[in-house]
Amino acid sequence: MAVNPALLLLTDSRLPAGGHAHSGGTEQAIATGTVHDLASLAAFLRGRLHTSGHVAAALAAAACALGEESSRTGACAQPWPEALGASRAEALGTSPTRSEALGALWILLDAEADARTASPAQRAASRTQGRLLLRVARRLWPSPTLDDLTAGPDLRCPGALDDLALAVPNPHHPIALGAAAHAAGASPEDAALAAAYHAITGPATAAVRLLGLDPVAVHGLLADLTPDLATTASDATPYSRPWAELPARSAPALDLLAERHAGAKVRLFVS
Amino acid sequence: MGANHDDHHHAPAHHGRALRLGVGGPVGSGKTALVAALCRTLGGSLRLGVVTNDIYTTEDADFLRRAGVLDQERILAVETGCCPHTAIRDDIAANLDAVETLEDRFGPLDLVIVESGGDNLTATFSRGLADRQIFVLDVSGGDKVPRKGGPGVTSADLLVINKIDLAPLVDADLDVMARDAAAVRGDRPVLFTSIRQDPSASAVAAWVSEQALSWPHEPVSAA
């Protein structure tokens with residue numbers, strides 16, 4: 001698989017989308033003593049990748065696939081019932097327009113992310129990061145149609161990022177990441193890989209800052225996890241609708257850490 | 001690309017939004033006291049919002065709220081993940097989000113102040129976040145600091161040297177500081193203050209007021 005250059009941008013910690021201020025529970029894990037050295041950090045990262053990271057990867061892949069699907073559809077103003085399951089179409093009326101149908105699908109997928117995020121603090125952190133990423137991605141990869149008003153009616157549809165922003169202004173981070181990956185020309189598996197990578201790199205960096213660990217040793221932990229990143233990404237890509245089948249691995253300790261962090265008096269990271 | 005790109009959704013044109021003023025400088029130089037003074041002095045004539053970037057807690061935001069210089073809801077705190085300079089320069093997303101939240105909730109505003117967490121001399125605001133920036137030093141950091149330069153000292157639109165009442169106590173020579181600052185700053189202004197002695201920070205407030213009133217947006221009187 002050739003590496004998509006856009007994927008490098010999306011996974012780079014220098015992407016200016018606010019990610020640097022989130023530790024994904026690492027700050028509280030350190031405050032409680034759970035993470036205190038390289039070995040405990042390694043266990044934390046591995047656990048994070050295979051629970052919330054796995055779920056995020058599947059959600060990002062599903063979002064990217066929905067972006068692909070929306071790009072393949074025809075004229076924007078035309079009824080578009082076939083994109084929905086029969087039951088969803090009924091809920092919207094007999095002939096939803098493209099934007100109504102897509103809006104309903106983005107809301108539905110975002111709700112799947114909500115259902116898989118038990119902690120209210122984690123939901124808030126995910127939505128904050130999703131909103132900021134969406135904002136950045138819409139500037140980096142604007143809908144081509146906005147700049148090409150001479151395009152035919154079929155090409156004048158909003159892009160996936162605009163569809164998502166209209167339907168869900170504060171989407172969960174994996175949803176925004178998947179839509180951004182699609183807008184950047186990446187595949188669902190790329191999106192899943194980006195989400196899995198994101199699930200461990202930010203927390204690893206936070207540990208370097210908070211514990212003063214050797215940064216090369218911490219990057220060694222990330223290097224050890226690269227085979228797991230690959231399997232997480234490939235495991236995350238087979239899911240299509242109905243999205244209820246998406247994995248729902250839980251990590252109660254991460255939920256508790258997130259809640260504890262939200263109430264902490266001293267806090268360097270947002271989450 | 002072109003115009004569409006620059007004006008895309010969340011990057012509004014300069015017209016119609018508040019002037020964004022960054023206030024940066026080393027720890028303890030008096031940034032929060034200056035922001036409080038500006039709110040006190042300008043709150044009657046300008047529609048204000050404040051974003052703080054505390055390093056550990058919401059201490060600065062709490063200080064401003066306790067000082068009663070502004071409605072509590074108009075002060076938002078942003079966490080910066082151990083990297084205050086990143087949040088004002090390399091990744092301004094969270095700060096921009098806070099600024100726009102204030103404008104959405106209370107807008108139109110005339111001035112939004114973004115106070116950086118205390119940092120070192122290399123700290124400077126991205127032009128994507130701050131339209132104008134003030135760098136605050138204090139005399140007790142040593143009178144050599146302006147000579148050392150750094151982006152904050154050399155490129156800030158206004159350099160404020162605070163706590164001049166302490167100068168005799170710390171053997172700081174204000175003339176040296178003024179001369180060194182002028183050497184690296186050219187024509188850009190430097191103001192000497194003691195917010196303890198002048199709680200309204202009148203000279204700085206006058207400069208800020210002038211910047212806000214000349215900012216091309218809906219004038220205050222139209223509100």
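Convention: sequence-line order gives letters A, B, ...; per-chain numbering from 1. What you see is a predicted model; the values in this text were computed from it and never measured. Atoms considered below: every heavy atom in the structure, side chains included; atoms not considered: hydrogens, waters and symmetry mates.
- With rounding to the nearest 0.5 Å, the separation of CG in L132(A) from CG in L96(B) is 9.0 Å.
- A salt bridge links R135(A) to E100(B): one of the charged nitrogens lies within less than 4.0 Å of a carboxylate oxygen.
- Using a 4.5 Å cut-off between heavy atoms, A17(A) touches chain B through its backbone atoms (N, CA, C, O) alone.
- Other residues, nucleotides and ligands contribute more than 12 heavy atoms inside 6.0 Å of the NE2 atom of H36(A).
- Annotation for R260(A): atom CZ does not count as buried by contact number, only 12 or fewer foreign heavy atoms lying within 6.0 Å.
- The neighbour count for R196(B) CZ, taken as heavy atoms of other residues, nucleotides or ligands under 6.0 Å away, does not exceed 12.
- Side chain of R267(A) to main chain of E79(B): no donor-acceptor pair is present (N/O by atom type, distance under 3.5 Å, no hydrogens or angles).
- A pairwise comparison of heavy atoms in G18(A) and A93(B) identifies N-CB, 3.6 Å as the closest pair.
- Under the 4.0 Å criterion applied to side-chain N and carboxylate O atoms, R14(A) and D90(B) are not assigned as salt-bridge partners.
- Looking at L133(A), neither its backbone nor its side chain comes within 4.5 Å of chain B, counting heavy atoms on both sides.
- The nearest pair of heavy atoms linking F269(A) to C82(B) is CE1-SG, 3.8 Å.
- One finds the OG1 atom of T86(B) at 5.5 Å from the NE2 atom of H20(A) (value rounded to the nearest 0.5 Å).
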